[in-house]
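Data first, discussion second: the structure below is written as structure tokens.
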Amino acid sequence: MDKLYIKDFEVFAYHGVFPEEKTLGQKFLISVTLTLDMQEAALTGDLTKSVHYGELCHALEVEFKKESYDLIETAGEMLATYVLKHYPMVKHVSIMIKKPWAPILKSMDTVAIEINRGWHEAFIGLGTNMGDRHQNLTEAITAIKNIPGIEVLIQSTIIETEPWGYTDQDAFLNCVLKIRTTLPPHILMNLLLEIEQ
């Protein structure tokens with residue numbers, strides 16, 4: 001897979017734990033690595049088949065300055081999420097944020113964080129045999145679609161199945177979702193269990 005690099009573009013913003021950082025602001029250096037297939041763009045000269053890095057830099061600067069975060073980790077997470085959401089052809093993004101004026105009272109070059117995020121596919125099985133079964137599935141699917149970092153790609157048909165094992169219960173309605181997500185498995189599972197509750 002191909003990569004596009006943007007290195008150390010400078011943005012002045014107001015992130016930091018200390019009040020002075022939020023009032024005086026400071027310089028940040030942002031580097032971005034995108035993983036995507038650029039072959040069609042290379043062969044055709046069609047920029048729409050790649051990422052316009054000038055527009056991306058402008059968009060990331062706007063996003064980076066929208067809010068003031070205590071942690072640059074939060075700012076990095078927000079930028080990675082923005083890239084994956086707004087540039088569907090990007091499979092993976094790495095964001096490095098350097099803070100050369102970090103207030104640590106030591107001689108140093110810079111402090112930096114790196115956030116790596118990418119899309120993964122997953123399949124979610126849903127089933128219900130209590131109450132309004134159709135409404136249960138509809139509400140669960142809507143809740144899954146509303147989780148940031150999840151896109152539902154395909155929804156199967158809903159089928160009715162007989163209970164298995166413990167058979168003294170009502171029939172189930174079942175379906176499967178194919179999703180793509182930036183969430184790691186344990187976070188995805190915890191969010192699904194919350195919906196189930």
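Only a predicted model underlies this, so the values are computations on that prediction, with no experimental measurement involved.
Not a single donor-acceptor pair under 3.5 Å links the side chain of T33 to the backbone N or O of S94. Of the possible donor and acceptor atoms, none in the side chain of D8 sits under 3.5 Å from a partner among the backbone N and O of L29. Between the side chain of T181 and the backbone N or O of G149 there is at least one donor-acceptor pair closer than 3.5 Å. In this structure a side-chain-to-backbone donor-acceptor pair under 3.5 Å is present from K22 to G16.
Linking ILVMFWY side-chain heavy atoms closer than 4.5 Å, directly or via other members, places F9 and L4 in a single hydrophobic cluster. In terms of hydrophobic clustering, with Ile, Leu, Val, Met, Phe, Trp and Tyr side chains grouped at heavy-atom distances under 4.5 Å, M38 and W119 are assigned to a common cluster. Cluster membership for M96 and L56, using ILVMFWY side-chain heavy atoms within less than 4.5 angstrom, is not shared. Side-chain heavy atoms closer than 4.5 Å link hydrophobic residues (I, L, V, M, F, W, Y) into clusters, and following such links, even through other members, never connects Y82 to L183. I97 and W101 are not part of a single hydrophobic cluster, where members link through side-chain heavy atoms under 4.5 Å apart.
Rounding to the nearest 0.5 angstrom, the gap separating the CZ atom in F18 from the CG atom in L24 is 13.0 Å. Taking CG from L137 and CG from L173, the interatomic distance works out to 6.0 Å, rounded to the nearest 0.5 Å. A distance of 12.0 Å separates CD1 of I30 from NZ of K98, quoted to the nearest 0.5 Å. The structure places CD1 of I124 at 8.5 Å from CE of M189, a figure rounded to the nearest 0.5 Å. Distance check, rounded to the nearest 0.5 Å: CD1 of I144 to CD of E139 gives 12.0 Å. Taking CD of E61 as the reference point, atom CD of E10 lies at 10.0 Å (rounded to 0.5 Å).
At least one side-chain heavy atom of L188 sits under 4.5 Å from a side-chain heavy atom of I150. Between V93 and T35 there is no side-chain heavy-atom pair separated by less than 4.5 Å. Residues L153 and E121 meet the side-chain proximity criterion, which asks for heavy atoms closer than 4.5 Å. In this structure the side chain of C175 reaches within 4.5 angstrom of the side chain of I141, judged on heavy atoms. Residues V32 and L79 are not in side-chain contact: their nearest non-hydrogen atoms beyond the backbone lie 4.5 Å or more apart. Between H15 and K99 the shortest side-chain heavy-atom distance does not fall below 4.5 Å. In this structure, the side chains of P148 and T81 stay at 4.5 Å or more apart for every pair of heavy atoms. Annotation: side chain of L36 is not in contact with side chain of D2 (no heavy-atom distance under 4.5 Å).
Nearest heavy atom pair, residue I115 against residue A80, reads CG2-CB, 4.1 Å. The shortest non-hydrogen separation linking A171 to R133 is O-NH1, 3.1 Å. Nearest approach of L84 to V90, heavy atoms of both residues: CD2-O, 3.8 Å. Listed here is the closest heavy atom pair of F12 and G25: CZ-C, 3.4 Å. In plain terms, the two heavy atoms of Y14 and T23 that are nearest each other are CE2-O, 3.5 Å. Residues F28 and A13 come closest through the heavy atom pair CE1-O, 3.7 Å.
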- Applying side-chain contact (heavy atoms from CB on, under 4.5 Å), run through I6 and L60 and close with a yes or a no. CA-CA 11 Å; I6 299 168; L60 291 181; 5.7 Å; no
- Item | Residue pair I113, L71: steps toward the side-chain contact (heavy atoms from CB on, under 4.5 Å) verdict | CA-CA 10 Å; I113 59 99; L71 302 179; over 6 Å; no
- Task: Before giving the answer on side-chain contact (heavy atoms from CB on, under 4.5 Å), spell out for D37 and M89 the whole-Å C-alpha distance, their side-chain angles and the decisive distance to 0.1 Å.
- Result: CA-CA 8 Å; D37 184 350; M89 65 185 66; over 6 Å; no
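Residues passing the salt bridge (charged side-chain N to carboxylate O under 4.0 Å, His left out) test with E162, sequence neighbours excluded: none. For the salt bridge (charged side-chain N to carboxylate O under 4.0 Å, His left out) test, no residue two or more places apart in sequence or in another chain qualifies with E67. Residues forming a side chain to side chain contact (heavy atoms under 4.5 Å, CB included) with P163 (at least two apart in sequence, or on another chain): Q169, F172.
For H86, the NE2 atom counts as densely surrounded, since its 6.0 Å shell holds more than 12 non-hydrogen atoms of other residues, nucleotides or ligands. The number of heavy-atom neighbours closer than 6.0 Å to CE of M130, taken from other residues, nucleotides and ligands shown, is 12 or below. Atom CD of E196 has 12 or fewer neighbouring heavy atoms from other residues, nucleotides or ligands inside a 6.0 Å radius. The number of heavy-atom neighbours closer than 6.0 Å to OH of Y53, taken from other residues, nucleotides and ligands shown, is 12 or below.
Between R117 and E77 there is a salt bridge, with a side-chain nitrogen of the basic residue lying less than 4.0 Å from a carboxylate oxygen of the acidic one.
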